[in-house]
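One structure is given here, and the rest of the page talks about it.
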Amino acid sequence: MTKTSEKITVLLNWKATPYHLPLFLASKLGFFTKQDISVAILEPNDPSDVTEIIGSGKIDLGLKAMIHTIAGKARGYPIKSIGTLLDEPFTGVIHPSHKSGITSDFKSLRGKKIGYVGEFGKIQLDQLARQYGMQEGEYEAVRVGMNVTDAIKRGEIDAGIGIENVQQVELEEWSVQQGRSRDDIQMLRIDELAELGCCCFCSILYIGNEDFINNNPEKVEKFMRAIKQATDYMIANPAAAYQKYVEIKPHLDTDIQRKIFQRSFRYFSRDLQNVERDWNKVTNYCKELGIVDAGFAQNQTNDFLTWKLNEQGPGGVEPATVETGVVKGGCKSCQHASISQPEVFA
């Protein structure tokens with residue numbers, strides 16, 4: 001008699017994008033099946049609903065940024081991080097410098113329309129404005145959701161909050177199409193403006209409903225074990241892994257999506273752990289923003305990671321774009337220098 005796999009539902013933090021590769025690869029290569037689990041990967045209609053849906057127990061596991069994971073718990077949603085997908089992707093206010101009039105001085109945002117994704121982007125923007133002596137009415141905050149790139153292209157906003165490995169890549173390619181340099185697209189990094197010492201508030205985490213985690217520890221451990229196996233395969237064989245991914249998601253087989261993957265590669269966590277120093281920094285940052293109170297208890301664990309943890313900073317590699325062999329023609333189109341392929345953790 002064939003053994004029945006145990007079903008797990010997983011909700012992405014956004015539509016399927018290049019940095020979701022480990023999840024789909026674990027499915028494609030049968031790593032979930034080898035762990036005797038069956039995983040259904042779902043995409044949200046509205047990314048803002050992810051913490052609520054997982055917190056309600058309608059979905060077992062999912063993905064969300066660290067700041068949203070902390071905020072969701074503070075709002076009463078029983079969610080917890082069980083690991084890390086992306087470590088510290090650079091996040092900030094992205095703008096086309098040729099026409100925005102924005103400089104490295106935050107005060108140059110005075111009089112500008114600034115796009116943000118959701119509620120916490122607005123909170124961050126307002127807090128930074130106060131820090132730099134600006135009043136809320138001196139700039140216009142525009143909620144554009146996940147459409148920051150298109151809003152900048154259409155001229156609806158002068159700049160918008162995004163991440164270096166997705167929105168900045170999209171805008172750099174658009175800049176080239178317009179006959180300008182990639183360097184025309186600039187970012188005011190929020191971690192530097194806020195003097196955080198890391199971009200960890202936007203690290204993308206594997207999260208879960210606490211009741212599901214507590215009642216199904218073996219399932220959760222099996223899930224993370226399969227994800228680790230897929231991550232190891234991707235790090236050792238990025239081009240082959242991406243080719244398998246586009247067999248599942250053909251819309252990702254474009255030059256720009258490949259460039260997003262290559263830019264994302266440096267941020268992939270090699271050991272998947274929740275990094276304590278980052279959690280401490282972001283918890284304190286959330287207290288400064290008024291998102292959590294002084295007594296907030298961190299909602300994260302590494303209990304389901306059964307291998308040696310060897311965290312070495314963002315993604316475990318040097319701060320430069322890694323040549324993955326995924327981008328056709330190599331890394332000539334990247335704005336950062338290539339480095340050798342990183343060590344794969346045991």
Side-chain angles (χ1 to χ4, degrees), residues 14 17 47-48 65 67 88-202 255-256 259-260 263-264 267 285 288-289 319-321 332-337:
W14 193 20
T17 200
S48 300
I67 194 169
E88 303 184 37
F90 293 158
T91 305
V93 180
I94 304 172
H95 62 97
S97 59
H98 79 281
K99 70 173 184 177
S100 67
I102 298 170
T103 68
S104 58
D105 183 356
F106 186 83
K107 293 180 181 179
S108 65
L109 293 176
R110 188 175 275 115
K112 305 299 182 182
K113 293 182 178 180
I114 313 300
Y116 64 95
V117 176
E119 176 184 1
F120 300 110
K122 176 66 161 55
I123 292 173
Q124 286 180 306
L125 190 57
D126 291 344
Q127 191 271 344
L128 285 170
R130 290 191 296 270
Q131 178 182 329
Y132 285 87
M134 290 170 57
Q135 302 298 317
E136 191 172 339
E138 293 185 88
Y139 57 92
E140 183 179 349
V142 182
R143 185 165 184 165
V144 295
M146 302 302 285
N147 299 313
V148 170
T149 298
D150 290 339
I152 289 176
K153 288 180 180 180
R154 292 193 295 264
E156 297 170 359
I157 55 177
D158 299 296
I161 297 176
I163 57 177
E164 185 260 353
N165 54 306
V166 179
Q167 287 85 9
Q168 186 159 346
V169 175
E170 293 172 336
L171 287 167
E172 286 171 359
E173 294 309 304
W174 168 72
S175 181
V176 170
Q177 292 168 7
Q178 300 301 304
R180 294 185 294 271
S181 167
R182 287 182 175 82
D183 292 337
D184 184 58
I185 304 301
Q186 295 293 313
M187 173 190 285
L188 280 71
R189 283 174 48 178
I190 290 175
D191 64 311
E192 295 177 344
L193 294 168
E195 300 179 346
L196 292 177
C198 76
C199 261
C200 36
F201 64 89
C202 221
D255 287 343
I256 192 166
K259 288 172 183 175
I260 288 172
R263 193 77 69 85
S264 298
Y267 300 114
Y285 182 47
E288 292 177 15
L289 295 175
T321 296
K332 295 178 182 178
S333 62
C334 297
Q335 67 173 8
H336 305 291

What's the separation between atom OG1 in Thr149 and atom CZ in Arg154, rounded to the nearest 0.5 Å? 10.0 Å
Would a distance-only check, ignoring hydrogens and angles, find a side-chain to backbone donor-acceptor pair under 3.5 Å from Ser175 to Ser181? yes
State, yes or no, whether a side-chain contact exists between Trp14 and Val166 at a heavy-atom distance under 4.5 Å. yes
Atom CD1 of Ile185 and atom CD of Glu173: how far apart are they, to the nearest 0.5 Å? 10.5 Å
Check whether any side-chain heavy atom of Ile114 sits under 4.5 Å from a side-chain heavy atom of Ile157, and report yes or no. no
Flag the pair Arg263 and Glu170 as a salt bridge only when some basic side-chain nitrogen lies within less than 4.0 angstrom of an acidic carboxylate oxygen. no
Hits for side-chain hydrogen bond (donor to acceptor under 3.5 Å, both in side chains) against Gln186, two or more places apart or cross-chain, chain-then-number order -> none
Between atom CG of Asp183 and atom CD of Glu172, what is the distance when rounded to the nearest 0.5 Å? 7.5 Å
Could you give the distance from OG (Ser104) to CZ (Arg189), rounded to the nearest 0.5 Å? 13.5 Å
If you compare all heavy atoms of Ser48 against all heavy atoms of Arg143, which two are closest, and at what distance to 0.1 Å? OG-NH2, 3.5 Å
In terms of heavy-atom contacts, Gln168 and Ile94 come closest through N-CD1, 3.8 Å
For the CZ atom of Phe106 and the CG atom of Leu125, what is their distance to the nearest 0.5 Å? 5.0 Å
Looking at Ser100 and Pro96, would you say the former's side chain and the latter's main chain have a donor-acceptor pair under 3.5 Å? yes
Which atoms form the tightest heavy-atom contact between Cys199 and Phe90, and what is the distance? SG-CA, 3.6 Å
Under the criterion side-chain contact (heavy atoms from CB on, under 4.5 Å), I'd like the reasoning laid out for Glu156 against Val142: C-alpha separation, chi angles, the key distance, then a yes or no. CA-CA 9 Å; Glu156 297 170 359; Val142 182; over 6 Å; no
Using every non-hydrogen atom in the two residues, find where Asn165 and Ile260 come nearest and quote the distance to one decimal. O-CG2, 3.2 Å
Approximate separation, where rounding is to 0.5 Å, of Ile152 CD1 and Trp174 CH2: 8.0 Å
Give the C-alpha distance, both sets of side-chain angles, the deciding distance and a yes or no for side-chain contact (heavy atoms from CB on, under 4.5 Å) between Asp126 and Tyr139. CA-CA 10 Å; Asp126 291 344; Tyr139 57 92; 2.5 Å; yes
Can you run down the salt bridge (Lys or Arg N to Asp or Glu O under 4.0 Å) pairs that involve residues 99-114, sequence neighbours left out, and say none if there aren't any? Arg110-Glu138
Is the side chain of Gln127 donor-acceptor paired with the backbone N or O of Ile123 at a distance under 3.5 Å, no angle test? no
Ser97 side chain vs His95 backbone, donor-acceptor pair below 3.5 Å: no
Output yes when Asp255 and Lys259 qualify as a salt bridge under the 4.0 Å nitrogen-oxygen rule, no when they do not. no
Which atom of Asp191 lies closest to which atom of Phe201, heavy atoms considered: N-CE2, 4.3 Å
Over all heavy atoms of both residues, which pair between Tyr132 and Leu193 is shortest? Give the atoms and the distance, please. OH-O, 3.0 Å
Would a 4.5 Å heavy-atom cut-off, applied to side chains only, mark Ile161 and Thr91 as touching? yes
Can you check whether Cys198 and Cys200 have SGs under 2.5 Å apart? yes
Check against side-chain contact (heavy atoms from CB on, under 4.5 Å), Gln124 and Ile67: CA-CA 11 Å; Gln124 286 180 306; Ile67 194 169; 4.1 Å; yes
